[in-house]
Enquirer: 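Sending over a structure as structure tokens; questions will come in a sec.
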Amino acid sequence: MTVNQGIFGDKSNFDDRFVPDYGRLAEMSMALKGLGASVVLTSGSFDLVHEGHALYLEAAKSFGSLLIVGVDSDIKIRERKGPDRPIVPEMERLRMLTHFRPVDIVTLKPPGDTKWELIKVIRPDVLIATVETYSDDDIAELEGNYCGRVQVMERMATTTTSARLRELNMSLAERFTLAVNQALPGIVSNVLEPKGQTNV
């Protein structure tokens with residue numbers, strides 16, 4: 001018999017897949033492991049979702065039966081990346097991820113989380129991380145205490161959200177300068193390149 005509902009359904013089923021309560025997550029993880037499922041965990045911002053995210057999540061799911069994704073809250077991202085991020089608010093990022101076939105459960109990583117709190121709650125069989133996430137000492141501690149193993153993966157995109165935003169900002173700046181130059185010929189260049197001053 002095939003189950004096609006809740007976290008095992010082929011639709012986003014956001015109300016079932018979004019589990020904000022860490023206590024409930026711990027219960028679900030334990031129950032799923034009891035049924036023989038191997039639990040995989042990964043985390044990230046997932047701001048402006050792109051092809052690299054999709055490939056990364058697909059690869060992550062290949063290491064187990066069930067993939068849980070921790071999503072950084074808006075506040076956590078602002079603290080790390082500055083006041084202009086994230087571009088996409090947390091609830092929209094969470095909803096978007098539930099439309100990805102490899103993702104079974106999503107949860108929000110709120111501000112104030114202690115170090116590795118989500119990992120300690122879920123105790124995954126496999127923890128997926130990118131190369132810059134953990135040191136060798138971190139990996140040894142994680143594998144010794146909180147998860148079966150740490151699987152380090154390379155990033156799977158030729159760009160990042162930050163790089164895309166830089167490109168967009170540069171393009172907008174160039175278009176703005178061109179538009180102003182066309183509307184006010186000569187004025188912008190005079191302002192940007194002032195004439196040399198005459199010594200008295």
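These numbers come from the heavy atoms of this one structure, side chains and all, not from hydrogens, waters or symmetry mates.
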Enquirer: Of all heavy-atom pairs between E154 and V131, which one has the smallest distance, and what is that distance?
Expert: OE2-CG1, 3.5 Å
Enquirer: Could you tell me whether the side chains of T130 and Y56 share a donor-acceptor contact shorter than 3.5 Å?
Expert: no
Enquirer: Does the R93 side chain pair with the main chain of D72, one donor and one acceptor, at a distance under 3.5 Å?
Expert: yes
Enquirer: Any sub-3.5 Å donor-acceptor pair from S43's side-chain atoms to V71's backbone N or O?
Expert: no
Enquirer: Partners of P20 by side-chain contact (heavy atoms from CB on, under 4.5 Å), sequence neighbours excluded?
Expert: F18
Enquirer: Can you name the closest pair of heavy atoms from A59 and S62 and give their distance?
Expert: O-OG, 2.5 Å
Enquirer: Might you point out which heavy atoms bring K76 and K109 nearest each other, and give the distance in Å?
Expert: CD-O, 2.8 Å
Enquirer: Quick one, R78 with R85, criterion side-chain contact (heavy atoms from CB on, under 4.5 Å). Give me CA distance, side-chain angles, the key distance, then yes/no.
Expert: CA-CA 6 Å; R78 274 195 292 273; R85 299 287 300 276; 5.7 Å; no
Enquirer: For I77 and P86, which heavy atoms make the closest approach, and how far apart are they?
Expert: CG2-N, 3.8 Å
Enquirer: If the condition is side chain to side chain donor-acceptor pair (under 3.5 Å), which residues does D125 pass it with, not counting sequence neighbours?
Expert: none
Enquirer: For D136, does the CG atom have more than 12 heavy-atom neighbours from other residues, nucleotides or ligands under 6.0 Å away?
Expert: no
Enquirer: Do you know the tightest heavy-atom contact between I139 and V152?
Expert: CD1-CG2, 3.9 Å
Enquirer: Identify whether F8 and M28 are in the same connected component of the hydrophobic contact network (ILVMFWY, side-chain heavy atoms under 4.5 Å).
Expert: yes
Enquirer: For the atom pair OG1 (T42) and CD1 (I119), what is the distance rounded to the nearest 0.5 Å?
Expert: 9.5 Å
Enquirer: Which heavy-atom pair separates K120 from K115 by the least distance, and what is that distance?
Expert: NZ-O, 3.4 Å
Enquirer: Using 30° and 60° as the class limits, which term best fits the ring planes of W116 and Y134: parallel, tilted or perpendicular?
Expert: perpendicular
Enquirer: Enter the distance from T107:OG1 to L25:CG here, rounded to the nearest 0.5 Å.
Expert: 4.5 Å
Enquirer: Looking at CE of M91 and OG of S73, how far apart are the two atoms once the value is rounded to the nearest 0.5 Å?
Expert: 12.5 Å
Enquirer: Does the N13 side chain pair with the main chain of I7, one donor and one acceptor, at a distance under 3.5 Å?
Expert: no
Enquirer: For Y146 and I122: C-alpha separation, side-chain torsions, deciding distance, then whether side-chain contact (heavy atoms from CB on, under 4.5 Å) applies.
Expert: CA-CA 9 Å; Y146 307 119; I122 292 173; over 6 Å; no
Enquirer: Taking R17 for its side chain and D104 for its backbone only, find out whether a donor-acceptor pair lies under 3.5 Å.
Expert: yes
Enquirer: Any side-chain hydrogen bond (donor to acceptor under 3.5 Å, both in side chains) pairs touching residues 29-41, not counting sequence neighbours?
Expert: S38-S65
Enquirer: State, with a plain yes or no, whether a side-chain heavy atom of L97 is found less than 4.5 Å away from one of L57.
Expert: yes
Enquirer: Determine whether a donor-acceptor pair (N or O, by modelled atom type, separation under 3.5 Å) exists between the side chain of D74 and the backbone of P89.
Expert: no
Enquirer: Within the distance-only criterion (no hydrogens, no angle test), does the side chain of E90 pair as donor or acceptor with the backbone N or O of L108 below 3.5 angstrom?
Expert: no
Enquirer: With side-chain contact (heavy atoms from CB on, under 4.5 Å) as the criterion, how do F46 and V69 come out once you've worked through the C-alpha distance, each side chain's angles and the decisive distance to 0.1 Å?
Expert: CA-CA 10 Å; F46 300 99; V69 180; 3.5 Å; yes
Enquirer: Hey, could you give me the NE2/CG distance between H50 and L55, rounded to the nearest 0.5 Å?
Expert: 10.0 Å
Enquirer: If you count the non-hydrogen atoms of other residues, nucleotides and ligands that lie under 6.0 Å from CD in E132, is the total more than 12?
Expert: yes
Enquirer: Atom CG in L118, atom CD1 in I68: separation rounded to 0.5 Å?
Expert: 7.5 Å
Enquirer: Does atom CD (Q151) have a neighbourhood of more than 12 heavy atoms from anything else shown, all under 6.0 Å?
Expert: yes
Enquirer: Would you give the length of the straight line joining atom CD1 of I128 to atom SG of C147, rounded to the nearest 0.5 angstrom?
Expert: 10.0 Å
Enquirer: Is a side-chain donor-acceptor pair under 3.5 Å present for R80 with S45?
Expert: yes
Enquirer: Closer than 3.5 angstrom, by distance alone: can the side chain of H99 be matched with the main-chain N or O of M96 as a donor-acceptor pair?
Expert: no
Enquirer: Is the count of non-hydrogen atoms from other residues, nucleotides or ligands lying under 6.0 Å from R149 atom CZ greater than 12?
Expert: yes
Enquirer: Has N145 got a side-chain atom pairing as donor or acceptor with E141's backbone, closer than 3.5 angstrom?
Expert: yes
Enquirer: Check step by step if side-chain contact (heavy atoms from CB on, under 4.5 Å) holds for V40 and L66.
Expert: CA-CA 6 Å; V40 180; L66 185 124; over 6 Å; no
Enquirer: Inspect the contact between R24 and E27 and indicate whether a charged nitrogen and a carboxylate oxygen are less than 4.0 angstrom apart.
Expert: yes
